[in-house]
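Only one structure is covered here, and it is reproduced in the block below.
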Amino acid sequence: MNKIKKLALLFGSTPLTLFSLGLMMILVVMGTLAQAKVGVFETQKQFFNSVWVWSRPWGPIRIPLFPGGLAVGALWMLNLTASFVSRFQYRKNDFGILITHAGLALLLLGQFLTQMGSRENLLEIREGETKSFLESPRDHELAVFTTFDEHSDQVVSIPDGFFKTNKRLNLPGLSLYFVVREVVPNAELVPERDGWSARPLPVGTGDDASNNLAVKLEALYEKGSLGTRLLSLSMPETTILDTRGQAYQLILRRRRTPLPFSLTLKDFRHDVYPGTDIPKNFSSLIRLEYPANNESRDALIYMNHPLRYQGLAFYQSGYGENSTLSILQVVDNPAWLWPYLSCFLISIGLMIQFTLHLYTFARKRS
């Protein structure tokens, strides 16, 4: 029991609290400086959604440079819990401190769940268009379509995480499979006599970077090869035929997430201040259709006023194509309410603690 108490005192010590805060401050400075070079998304991934910040001083060899946000957050959470267990005295006058510490712990836990469980996608939709899927801004997939008749298709998708040189890609329910022969994260397509080749380009990491992924695949079946195909995000789909005449359509595209409901863009507005080109407001009038729930209604999405539905938040993010294309950022964050709840608990705890001390002070003065 004494050993456990000593460990609690050690991990709950004030120097460890200051050490954790110091690590977090250094990490924030490092991330802020790196943001100008690699962008917000890559900075979040490298510095705050990782256990370690890695450095590559010798090409592909990685060495740990500094504790990442997950490691520092875990240390801070351990320090907070140990400090609470080892030092807190369960007295009536400390009830507010108890609630405040609970709110702070909930805030840290909510941030961890947000970093690990939050997902962001895009919905790019034109006026009059209807969509029932989301697209990832950075992840891709290989989609293989098999047409059985004019009324039905079978679609098999393979995430880009499986795109490794000489890796075999099996297709459930299909007789053929693929072997990855080449992967180019950012390529310029060069025409050749017998098709296309992918010339590597530097990979962009900024928030507005647009990399043209290219993958060369060899299609095979049990008796041999059906040849190789080069697929790219900038190329239309390609079709291959097996020995029995079955057609397979291959498309390299942004990874899609299906929705159980559909959205139709009825009207998009891009308002500016009179006499200027300064944006005043962006808004999208959306028709939401969910037959399974007998739901059909309009929703207006505009700046700082998202549509929250089925655990998703649809934010107005941008526009394009002469203000006929609306770009919505779609966030799936199961822990989005946690910061509000934690801030409420912290405020209540501080108010209770302040009131108790004020009452005690007033009694002593009287």
ask   = How are the rings of Tyr340 and Trp336 set relative to one another: parallel (under 30°), tilted (30 to 60°) or perpendicular (over 60°)?
value =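 Perpendicular.
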Pairing of [X] and [Y] as salt bridge, 4.0 angstrom limit:
X	Y	value
Glu127	Lys266	no
Arg256	Glu141	no
Glu135	Arg254	yes

message = Both conditions, 6.0 Å and 45 degrees, for the charged tip of Arg229 above the ring of Trp196: are they met here?
response =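 Not flagged: Arg229 not positioned over aromatic ring of Trp196.
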query = Within 45° of the six-membered ring axis of Phe178 and under 6.0 Å from that ring's centre, is NZ or CZ of Arg168 located there?
reply =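 No - Arg168 does not lie over the ring of Phe178 by the 6.0 Å and 45° rule.
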Look only at the side chain of [X] and the backbone of [Y], and say whether a donor-acceptor pair between them is shorter than 3.5 Å.
X	Y	value
Lys131	Thr264	no
Thr17	Ser13	yes
Thr324	Glu321	yes

ask   = Does one hydrophobic cluster hold both Leu265 and Tyr309, with members joined at side-chain heavy-atom distances below 4.5 Å?
value =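 Yes, same cluster.
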inquiry  = Regarding Asn212 and Ser232, do their side chains bring together a donor and an acceptor under 3.5 Å, going by distance alone?
reply    =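 Checked: Asn212/Ser232 side chains pair up, N/O donor to acceptor below 3.5 Å.
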key: Shortest non-hydrogen separation from Tyr319 to Phe268 and the atoms involved   =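 Here Tyr319 and Phe268 meet closest at CB-CZ, 3.3 Å.
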ask   = Which pair of heavy atoms, one from Val180 and one from Leu169, lies closest together, and at what distance?
value =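 Shortest heavy-atom contact: CG2-CD1, 3.7 Å.
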inquiry  = Just checking Phe133: does its CZ atom have more than 12 heavy atoms from other residues, nucleotides or ligands closer to it than 6.0 angstrom?
reply    =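 More than 12 within 6.0 Å, yes.
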